[in-house]
Amino acid sequence: MAKGTNDAQLLVQSLRKAYAATPTSLKIIDLYVVYAVATALIQVAYMAMVGSFPFNSFLSGVLSCVGTAVLAVCLRIQVNKDNKEFKDLPPERAFADFVLCNLVLHLVIMNFLG
Amino acid sequence: MATSKVEGSSSLRHAFGGVLSVFILLLIGVVAFSIRLFSVIKYESVIHEFDPYFNYRVTQFLSKNGIYDFWNWFDDRTWYPLGRVIGGTVYPGLTLTAGTMWKLANSLNIPLSVETVCVFTAPIFSAFAAWATYLLTKEVKGPGAGITAAAILAMVPSYISRSVAGSYDNEAVAIFALIFTFYLYIKTLNTGSLFYATLNSLAYFYMVCSWGGYTFIINLIPMHVLLCIVTGRYSSRLYIAYAPLVVLGTLLAALVPVVGFNAVMTSEHFGSFLVFIIIHVVALVYYIKGILTPRLFKVATTLVLTVGIAVCAVVVAILVALVASSPTKGWSGRSLSLLDPTYASKYIPIIASVSEHQPPTWPSYFMDINVLAFLVPAGIVACFLPLSDASSFAVLYLVTSVYFSGVMVRLMLVLAPAACIMSGIALSEAFGVLTRSMKFHITKYFECSHTEAPAKLGESTSTESSAPLENMTKSDTTEKPEVARKEKVARRKQKKEKELTENAHVKPVSAKKEKRPLVLPLEASIVSVFLLIVLGGLYVLHCVWAAAEAYSAPSIVLTSHSHDGLHVFDDFREAYAWLRHNTEVDDKVASWWDYGYQTTAMANRTVIVDNNTWNNTHIATVGTAMSSPEKAAWEIFNSLDVKYVLVVFGGLVGYPSDDINKFLWMVRIGGGVFPHIKEADYLKDGQYRVDAQATHTMLNCLMYKLSYYRFVETDGKGFDRVRRYEIGKKHFKLTHFEEVFTTHHWMVRIYKLKPQKNRIRGKSRKSKLGSKSTSSKSGGMTHKNPWN
């Protein structure tokens, strides 16, 4: 058991150390993802308290948070310099795609919000 | 200099190849369009079948009233007295597409009528579908396979059957949307670009708008993602291809009113959510694996597994309980009948009665995809050499569509693009190998006969000087010559058949190449190429024949060839025109549900039930009325405000799809809701017959009487040409209905309900007074409630 907790501590430490080594731009994207997911969880908790009418508003709210989180993760994948598959992709192009996809997502959200 | 000249000639070749392929694709589009025009040439530019008439009527409404009225349209001329919410129950893709094309054409002052646009929508979109197949197969294998697959899809009979000119149905645009969505998914998978992921979601939205079969996409793509994860092909491109599609796709699907909240609540979509969660877990695992040392990663996995499995079990238990609590486990009836083919016949007779929903027979496979049935297994093998994400998707698509086509013959349409892609790959690979062998042998022959410089052994075509460079030999031209030349000079005299074994000796030299090209003997290659071309020719012949003879019948106009020429049976339109011109606008017409769409579209009268078949009880009411004796039927129809009853009868001319042949389904469906109708009452010794041996119930039911009234006057004996015997009851009178119109060939017969008598005289009045002393009445017949 002691070895287990020791291992767990070691695990958490090494995770923290490895994460601290990532570049700042990626950390900002990660923070944005965490913010989006937290917003989604807050909305779900609110729905659990208040009820799900109107359902389309709830759905569009939650899915917009999840959608921006997913798109931010995609951006992070494409911008990450350690990712060998995307080394010829200029980060400006990745960001432009990200903006376009977000635009489509929010257009749909606005339509569905009701 | 040689390399730049070679590169120049190679880029010229590529440019020439590009222009040639554009030209070929244009021709393929023209072929796809023209092969579907047989019915316009043989008959006229008319809308076929039943469902297209509904779509045509909706498009007419859209073009006349604009999109806002269309979106909010409540149709009161069908399913009387219930009505139908058109805006919320129709898949708008097809009508919006045709409406847009009509608007565009008219705004450019090209005066096309709505009917013309509707008739020719399907051929235009089949040309687009062929081009989409080219794009998809190009992503899977290469441009050569793409062109072959596009050429095959342009002509495949299964797709022609649902997209001839005049077949204005959802599949006309849906198949194009399906292939295009798959193309964008594979493109995103291959490139990892978020731009294509956005386009993929928009194409999926167009597919959801067009057809209920979109559930195939939203289940196939998660299946493929799961397959990639399980076979160890997870990559960040897979995440980019899948995750945005799920979120955007669900939102866009929920935007379409027909789907609405079903996009998140029905089991058909749960697969995509489950795989969404799984891919996030896998992505996290890969990320953590990347930043930890292997030992620590093992510790992490044990920790996560112990905690995670407990949580997972709880979540799965809750989910299963939720889903199991609903009687159909959350699936809709039609999807359930796909998974369990016996479901429909047990629980929903309407779905079981549609002939398109029956399983196909073996001959229908050869009729519909012909030669492709042989080429598909070869294509599957070719997809495995080498296996990539895209080719694994193609194989998965084929396997699932083969299963579904085996369940329902209508879904052979989904099999068609998969079979074409596979066959295109197979044919292209075969041609590649054979032409490579031929070129190699021919250049070797020319080299040997002209100069002493030997050709390269074991490589496809490249000699140093002039032969075009194949992909695999480009790397070897500089290094190989000296070593190879010596060995080849020694072996020049040997027979060509030994070249394969000699390849093994040359192998250490050619170890740089990844794969050894297969070179076949020259005569075998020439004969094989010739035979493959003959195979293609037979395929084309079959497709043209099928398009011309089998699939071009508009089924609203029938023809038959006899010794004195061509007979045209235009009875349906005759009857609808009569209804249109000789009845009041608000009169209600009752018929079996097959003819509902045509009646509302062509006769412009209100109907009781139509092909949408959304209300089983209403259809059962009409079925019960048709199966009851005259008086009871009159009561039922009178309670529905029906004025006219329409019956289709084929006994005089031998038209086999008439109402007497469909009658047992009316009995079954009616009996499913009203237990006093029993199927056994209409069968004599388990056999369905209408001759003198038929049961009393059968000979007195409304359908029999309306079909065979005055039939004996045609030939004196009442010989039914479809059933091939004389009918049972020949001379009878109708008491509650009167015949108002019978078409030229007696195919459609229209009857009017006689108004009820003012007062009853004599015996019937006395018996009524005696028996019904408790009910309050003031003369006249009392209405029996058929629903008690």
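Order of the sequence lines sets the chain letters (A, B, ...), proteins ahead of strands, with each chain counted from 1.
- For B:N190 (side chain) and B:E139 (main-chain N/O), a donor-acceptor pair under 3.5 Å exists by modelled atom type.
- Of the possible donor and acceptor atoms, none in the side chain of B:N200 sits under 3.5 Å from a partner among the backbone N and O of B:L184.
- Of the atoms belonging to A:I77, it is side-chain heavy atoms, and not backbone ones, that fall under 4.5 Å from chain B.
- For A:L89, no part lies under 4.5 angstrom from a heavy atom of chain B.
- Ranked by heavy-atom pairs under 4.5 Å with chain A, the first of B:T191, B:T198, B:L194, B:L255 is B:L194.
- With values rounded to the nearest 0.5 angstrom, A:T68 atom OG1 is found 12.0 Å from A:L75 atom CG.
- When heavy atoms are compared at a cutoff of 4.5 Å, B:Y287 approaches chain A solely by way of its side chain, counted from C-beta outward.
- Heavy-atom distances place the side chain of B:F261, and not its backbone, under 4.5 Å from chain A.
- When B:L252, B:L248, B:L251 are compared by the number of non-hydrogen pairs under 4.5 Å with chain A, B:L251 comes out ahead.
- B:Y242 OH to B:T188 OG1: the interatomic distance, rounded to the nearest 0.5 Å, is 14.0 Å.
- You'll find the ring centres of B:F182 and B:F393 inside the 6.0 Å limit.
- A tilted orientation is assigned to the rings of B:Y286 and B:Y234, their planes being inclined by 30° to 60°.
- Of all the listed residues (B:A243, B:S236, B:P244), the one sharing the greatest number of non-hydrogen pairs under 4.5 Å with chain A is B:S236.
- Of the atoms belonging to B:L202, it is side-chain heavy atoms, and not backbone ones, that fall under 4.5 Å from chain A.
- The ring of B:H280 has its center closer than 6.0 angstrom to the ring center of B:Y239.
- Residue A:D82 does not touch chain B at all, counting heavy-atom pairs closer than 4.5 Å.
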